[in-house]
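Comments concern the structure below.
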Amino acid sequence: MSDEMNLPIIDLSGYLNPKSPEDREHVIAQVHDASQQYGFFQVRGHGVPPSLQYDLVRSMGNLFSLPQEEKLQMSFLENPCRRGYEAAGMSLREGDPLPDAKECFYIARDDPIIELSGFYGPNLWPNLPTEDFRDPVWKYYEQTSELGKTIWSILLEGLGQPASLVENFAHRAIVPMKMIRYPPQSTTLPGQFGIGAHTDFGGVTILFQQPGKDGLEVWHEGKETWIEVPALEDVYVINCGDMIQRWSGGKYKSAKHRVINKSHGERLSCATFWHGDINATNPLNPNDLNSETVGQLLVKRFRNQYSMTKESIAQVGAA
Ligand SMILES: O=C(O)CCC(=O)C(=O)O
Ligand SMILES: [Fe+2]
């Protein structure tokens with residue numbers, strides 16, 4: 001692995017608080033180039049306060065140290081909105097000999113009523129004092145959700161679209177967040193990944209890696225090599241999912257990635273997946289003749305993994 005195969009670190013403050021129009025243009029060009037070359041980049045100056053990141057780590061520690069029976073009572077498989085707990089050993093990808101070692105907890109938008117196949121609905125919260133989980137996690141969720149929207153507007157501008165297109169796209173945006181714990185490598189089986197190689201399905205992923213806990217690797221198609229992504233303090237990893245690759249006509253890549261926990265102990269990470277409004281169509285190319293919506297694409301990808309009824313799938317507008 002050579003030195004040049006590092007993901008670029010882009011300072012977003014030039015876009016969020018520009019001193020001149022050139023500052024914004026510079027960030028737009030950097031994000032465009034990195035998304036084209038790697039499908040991945042890192043960001044500083046993102047506006048998510050470090051205190052929220054520390055509180056997230058503390059909250060995740062509280063959650064994952066609950067007794068296993070209590071965690072299993074919150075199984076996401078039994079939740080109509082797929083919120084809650086996924087135990088280790090539950091995700092197996094085609095081609096991998098063993099299931100992922102990770103355990104996870106999912107939240108998303110918090111809506112009072114279950115609608116549209118559970119893409120909208122209430123979250124499931126663990127029985128912990130609100131200050132030990134719910135409040136800090138929700139604050140963090142709101143901030144990274146905002147960041148996801150910002151990245152979408154930068155990606156839009158990178159393809160010559162007005163940033164304002166994001167507003168319609170962001171109406172009731174579907175934004176699941178997955179908190180992840182990787183057990184120490186010493187407890188995983190030979191050949192078992194923290195998370196096996198995959199591409200992310202949808203829009204923009206905002207990934208927090210617990211500082212100092214390296215493990216993420218990104219596949220570079222052209223060089224046929226895995227790029228290691230260091231887990232740096234106050235730096236987010238951003239990547240584009242399959243929907244963006246498809247909608248940008250392949251200009252922005254959705255790159256394969258995986259996690260092998262290289263730290264000595266456990267490793268925590270948290271991914272906020274910013275997809276967009278369930279009824280929205282391609283904002284990256286408004287002239288796209290294919291008018292598939294975010295909801296239709298989501299159902300296509302996940303209908304075999306989750307138990308969705310025919311009726312609820314029809315409500316999303318998918319067959
Ligand atoms: O934990 C990580 O660093 C990556 C997680 C990931 O790729 C995912 O959840 O899709
Ligand atoms: Fe991923």
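Counting starts at 1 for both ligands and their atoms, following the listed order.
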#### Entry: Pair E217 + K262, salt bridge at N-O below 4.0 Å
yes
#### Entry: Basic-acidic side-chain contact under 4.0 Å: K253, E221
no
### Query
Can you list the protein N, O or S atoms less than 2.8 Å from the Fe ion (ligand 2)?
H198 NE2, D200 OD1, H257 NE2
### Query
Distance from E70 atom CD to Y85 atom OH, nearest 0.5 Å?
11.5 Å
### Query
Listed by chain and number, what are the ring-ring contact (aromatic ring centres under 6.0 Å, His included) partners of H171, not counting sequence neighbours?
none
### Task
Would you kindly say whether S269 and K178 are connected by a side-chain donor-acceptor distance under 3.5 Å?
no
### Query
Can you find a side-chain donor-acceptor pair between Y140 and Q53 that sits under 3.5 Å?
no
Polar pairs, ligand 1 vs protein, N/O only, below 3.5 Å.
residue: ligand 1; atom: 1 (O); partner: Y182; partner atom: OH; Å: 2.6
residue: ligand 1; atom: 1 (O); partner: R267; partner atom: NH1; Å: 3.2
residue: ligand 1; atom: 1 (O); partner: S269; partner atom: OG; Å: 2.6
residue: ligand 1; atom: 3 (O); partner: R267; partner atom: NH1; Å: 3.3
residue: ligand 1; atom: 3 (O); partner: R267; partner atom: NH2; Å: 3.0
residue: ligand 1; atom: 7 (O); partner: H198; partner atom: NE2; Å: 3.2
residue: ligand 1; atom: 7 (O); partner: H257; partner atom: NE2; Å: 3.0
residue: ligand 1; atom: 9 (O); partner: K178; partner atom: NZ; Å: 2.9
residue: ligand 1; atom: 10 (O); partner: H198; partner atom: NE2; Å: 3.0
residue: ligand 1; atom: 10 (O); partner: D200; partner atom: OD1; Å: 3.1

Pairs under 3.5 angstrom only: tabulate donor-acceptor contacts from the side chains of residues 23-34 to other protein residues two or more places apart or in another chain.
residue: D23; atom: OD2; partner: K19; partner atom: N; Å: 2.8
residue: R24; atom: NH2; partner: Y15; partner atom: OH; Å: 3.1
residue: R24; atom: NH2; partner: E157; partner atom: OE2; Å: 3.2

### Query
Does a side chain donor of either D200 or N239 reach within less than 3.5 Å of an acceptor in the other side chain?
yes
### Task
Verify whether one side chain among S91 and E86 offers a donor that lies under 3.5 Å from an acceptor in the other.
yes
